[in-house]
Amino acid sequence: GIIFFPSESQDGLDFLHQFTQEVHLASTADSPLFWQVGALLFSTKYQDTTFPYFVPPTSVRQSNDSFALFAQASYKWDAFTLTTGVRWTTDGKGMTAEGPLTAPITNANQVKTRGNNVSWDASLAYAVNDDVNLYARAASGFRAPSIQGRNLAFGTGYSTARSETVQSFEAGVKSTLFDHTLRLNADAFQYYVHNMQFSAVGGAAVGNSIVLLNA
């Protein structure tokens, strides 16, 4: 077709700073009860610049701070092993930007998202013998809210997606047969995702751009 003017999209990472730290305390394995507790910290700041080439570049700065506390315990009696765990997470993101096609996003009108979640898991395992194990597990998971700012370079603004959660269930068997020459496992798994985060590309609803949304 006809090319009316030269256009090229390019992103460049100007800087990236990250810090992460995990501390946990665990019991020894000398007793039927095993436990561990801990904390996780993650922090990052970065800036990327988009060059549409038909207009001056746009710089977007984003930050993400996440903190979690977790605990897990496992107890073994006879052929059974029961394991439970819980994790509390708080996650916050922020974005500022400046470019020729949209109004500047400064610290005063910064785009922000925050999500808090308590996720958990519980499982029960049964050793039929030394070679066959049965198990069942239920668990929940969490994806924090997100911000997408690339579209600021093309004048269509930013987009956000709220938290995504998942609930899963599974049960199965693990075995080693014929003097450990054959490993045979079987599993049934079901999960449900709520508010799934997607990147929608193009279409009339998003104005020929890429936006974050929740299904």
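Excluded from the calculations below are hydrogen atoms, water molecules and symmetry mates; all remaining heavy atoms, backbone and side chain alike, are included.
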- Message: Is there a ring pair (Phe, Tyr, Trp, His ring centres under 6.0 Å) between His17 and Phe15? Walk through the geometry before answering.
- Response: CA-CA 7 Å; His17 304 293; Phe15 66 82; 5.3 Å; yes
- Task: Look only at the side chain of Ser140 and the backbone of Trp120, and say whether a donor-acceptor pair between them is shorter than 3.5 Å.
- Result: yes
- Distance, nearest 0.5 Å, that separates CG of Leu134 from CG of Leu124: 9.5 Å
- Query: Does Phe67 CZ have over 12 foreign heavy atoms under 6.0 Å away?
  - Reply: yes
- Kindly compute the distance separating CZ (Arg162) from OG1 (Thr113), expressed to the nearest 0.5 Å. 13.0 Å
- Item | Derivation and outcome, side chain to side chain donor-acceptor pair (under 3.5 Å), residues Asp65 and Ser43 | CA-CA 4 Å; Asp65 294 300; Ser43 178; 2.6 Å; yes
- Message: Distance check, rounded to the nearest 0.5 Å: Ser175 atom OG versus Asp130 atom CG?
- Response: 13.0 Å
- Message: Run the side chain to side chain contact (heavy atoms under 4.5 Å, CB included) test on Arg114 and Thr90 for me, step by step, so that the C-alpha distance in whole Å, both residues' side-chain angles and the decisive distance to 0.1 Å come before the verdict.
- Response: CA-CA 7 Å; Arg114 176 162 294 279; Thr90 180; 2.8 Å; yes
- Message: Could you go through Asn133 and Val128, starting from their C-alpha distance and side-chain angles, then the distance that decides it, and tell me whether this counts as side chain to side chain contact (heavy atoms under 4.5 Å, CB included)?
- Response: CA-CA 6 Å; Asn133 287 274; Val128 179; over 6 Å; no
- Taking atom CZ of Phe178 as the centre, report whether more than 12 heavy atoms of other residues, nucleotides or ligands fall under 6.0 Å from it. no
- Yes or no on side chain to side chain contact (heavy atoms under 4.5 Å, CB included) for Met95 and Tyr158, after CA distance, side-chain angles and deciding distance? CA-CA 10 Å; Met95 185 187 72; Tyr158 62 89; 3.7 Å; yes
- Roughly how far, to the nearest 0.5 Å, is CG of Asn214 from OG of Ser163? 8.5 Å
- CG/Asn185 to CZ/Arg183 distance, rounded to the nearest 0.5 angstrom? 6.5 Å
- Task: Measure up the Phe80 and Tyr126 rings against each other and bin them: parallel (under 30°), tilted (30 to 60°), perpendicular (over 60°).
- Result: tilted
- Message: Rounded to the nearest 0.5 Å, what separates atom CD in Gln47 from atom OG in Ser59?
- Response: 4.5 Å
